[in-house]
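Order of the sequence lines sets the chain letters (A, B, ...), proteins ahead of strands, with each chain counted from 1. Only this structure's heavy atoms are used, side chains among them; waters, hydrogens and symmetry mates stay out.
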Amino acid sequence: MKIALTLPDDEVLELDGPLPAAAAARAVSEGLARRAVAVRLDGRVIDLHSELRAGGRFEVLTDNDEDSLQVLRHSTAHLMAYAVQELFPEARFAFGPDVENGFYYDILVGRPFTPDDLARIEARMKELARAKLPFVKTIMSREEAKRFFAERGQGFKVEHIDDLPDAAEISIYELGDFVDLCEGPHVPDTGLLKAFKLMSVAGAYWKGDEKREQLQRIYGTSWFKAKDLEAHLTMLAEAEKRDHRRLGQQLGLFGIKEDAGAGLVFWYPKGTVLREQIENHWKAEHRRRDYQLIVTPHIFRGELWRTSGHFDFYADNMYTFDQDGQTYVVKPMNCPGHILVFQNELHSYRDLPLRLAELGTVYRYERSGTLHGLLRVRGFTQDDAHIFCTPAQLAGEVTKLIDFSQELQRDLGFNEFQAELSVRDPANGDKYIGSDGEWEEAEAALKSAADEVGLAVKRMEGEAVFYGPKIDLKLRDAIGRLWQTTTIQFDFNLGRRFNVQYVDEDGQHRHPYIIHRALLGSLERFVGILTEHFAGEFPLWLAPVQVAVLPVSAPFRDYGGQVTERLRSAGLRAELDTRDEKVGYKIRQAELQKVPYMLIVGSREMEQGTVSLRSKKQGDEGAVGLEDFIARALDEVSRKH
RNA sequence: GCUGGUGUAGCUCAGCUGGUAGAGCAACGCACUCGUAAUGCGUAGGUCCACGGUUCAAAUCCGUGCACCAGCUCCA
């Protein structure tokens, strides 16, 4: 039989089939075949050993292809499982997929893996890899496969087979003495597995279910080339250096105090300055866009949370207390408060869209294991707003929001964003509040708004919360990581529950649409991200200390004092280092504190009325006039970068 | 919440198999009066996370709780 393969350049290659994919690759090009890792047929990646029985779009994948990395990583997971099986014959294997940057395998063994075990496993993997063992695929019937794994005590595999759809082809892969249930694909042999490293071990549940067995998950990373592995490890080291928890302490920005409680953030003087800059900018930008800023209480009576429905859903996560026979709730959200403000007067359609904004501090009980520095806390300040609008205003408001979000975050140093549109789970319809029509309308508004600002949106089926669809924005930081910040959510729930109304043109009372949104997410989380993004070297307008004035020795303190005072009167945040230390020491301290500018003053400067400028970016820049420096610094502040 | 690890001076950490604690930085004092990433000497500083247990003796071993770290699960 003839098999027609359409190559990426649209050329069609006719071959006698069936034939192994590797042979087809050789027919395309010998050189390419030597570098082949797998092939892609009609979009599906398959391994080189597999027989081609039909034609289609055909592509040979080399180590340059992103899909090849996935194949490599999944194959490394098998190699690891093989090594584990040899060292721990009683091991029972669960899932072992590839993930971003690597792979893991969930394994059940009688005792915890130690770092020492990981070293042994890795060493054994290296030995096995050098043997260039082939990955051999075999198709089995369902019953045969179940019997096979049952005989070997691999209960998870048997259970997995039962979960596979009836139509699924059941295949196993042999790698030396290790046999695994797997649909593939894999690299041809272990010779390609060279640049890998086992990273860590952590607990994980069988099928992600807390009620099922807890397994040990070994994480590893795997690359085609040693230098890629190295680059990855360097990136991880870089991320560690940027860790906001470490920098928060080193730079005197923020921290968490065990005495006060987990997940509760203390903002130290310098961190408070940083936060204040962000808050001031945030407020100014909101006023400019016709938002009205409000302040609402931190605790509300329990009744309000019954009305809002939060008690039903989140009682376990709310901090409550009783006083005078009343239950109070420390607010976990600002919404009910904003609704009360809206309802303070009767609104006309002419008032809409009405935008209420608040830097509202909320508290939520989060499970202890989920807490993480400033990124996941129990008390945080949302940069919150609620927009009350008519159905006709919906799409326009969302467009404005997406624009606003990106503009605000660009001001703060981020330039790349991704968006996700979370919609209903069609299979679980009655979980949601609001009519089909409302959901469709809201979804369309979100989609068209994103389109209008040219933002690509990934549709997340079933990811919406019960009260409405939402669009989330993620930013990409300086070392390529994505962080979710902005969320724009429709709320079909609160308007009804609180019976929020406005008077329309025709005199009828109608429910406005409510959009709930946070652009930065929370100040705590955002400052954590910001700190890692800039590695603590904040742009001048945000830097807690902008200028350090360093007298060369004691006689020049007075002159340094005058310089400092002038800087402060010009609106710059300057500090004078009066310590009895050599100038080299003071410079080092200012460098470690990541102060953008240092002004060194001694006899020369005092005589000429200048300062000697040293910038964090360029080092020694020589003598400059104080007023010239001030002009330059103020300009930099106003440009925000 | 779960699995594993960790908790020692303000900070970063050392302290082997049990014999009541140590370094660097920071702080403070003295000397030096200093020119672009650490001047020298000295002083002070600890409920070894908390509570209970084992032991003649616990920072060290055991239990419980709390906190932190890596993940899992969760995140209005």
When you measure from the side chain of [X], which nucleotide among [options] comes out closest?
| X | options | answer |
| --- | --- | --- |
| A/I256 | B/C69, B/U33, B/C68 | B/C68 |
| A/E605 | B/G35, B/A67, B/G1 | B/G35 |
| A/K616 | B/G35, B/A70, B/A37 | B/A37 |
| A/T370 | B/G1, B/G35, B/A70 | B/G1 |
| A/S553 | B/A67, B/C34, B/C75 | B/C34 |

Take atom CG of A/L198 and atom P of B/A70, then tell me their distance rounded to the nearest Å.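 Atom-to-atom, A/L198 to B/A70, this comes out as 19 Å.
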Check A/K470, A/Q489, A/H386 against A/H516 for a side chain to side chain donor-acceptor pair (under 3.5 Å) and give me the one that passes.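 Single pass found, and it is A/H386.
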Paired nucleotide for B/U17 [Watson-Crick or G-U wobble; both distances under 3.5 Å]: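 Across all strands, not a single nucleotide pairs with B/U17.
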Pairing nucleotide - B/A38, Watson-Crick or G-U, each distance under 3.5 Å: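 Paired with B/A38, as far as the under-3.5 Å criterion goes, is no nucleotide at all.
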Cation over ring, A/R92 on A/F156, under 6.0 Å and within 45°?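 Yes, A/R92 lies over the aromatic ring of A/F156.
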Quick check with a 6.0 Å cut-off and a 45 degree axis cone: is A/R73 positioned over the face of A/W223's six-membered ring?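 Cation-pi check for A/R73 and A/W223: passes.
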With sugar-phosphate taken as primed atoms, P, OP1 and OP2 and all else as base, the protein-contact string of nucleotides 41-52 of chain B at under 4.0 Å (heavy atoms; B, S, -) is ------------
So does [X] reach the base of [N] with its side chain, donor to acceptor, closer than 3.5 Å?
| X | N | answer |
| --- | --- | --- |
| A/D580 | B/C34 | yes |
| A/R367 | B/C75 | no |
| A/R378 | B/C75 | no |
| A/Q249 | B/G10 | no |
| A/Y205 | B/G71 | no |

Looking at A/Y365, I'd like to know whether one of its side-chain N or O atoms comes within less than 4.0 Å of OP1 or OP2 on B/C75.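 No.
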Parallel, tilted or perpendicular, judged at 30° and 60°: which one describes the rings of A/H244 and A/F254?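 Ring orientation of A/H244 relative to A/F254: tilted.
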Mind running a 4.0 Å heavy-atom check of residues 584-596 of chain A against RNA chain B and sending the residues that fall below it, in number order?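 Listed by number, they are A/G584, A/Y585, A/I587, A/R588, A/E591, A/L592.
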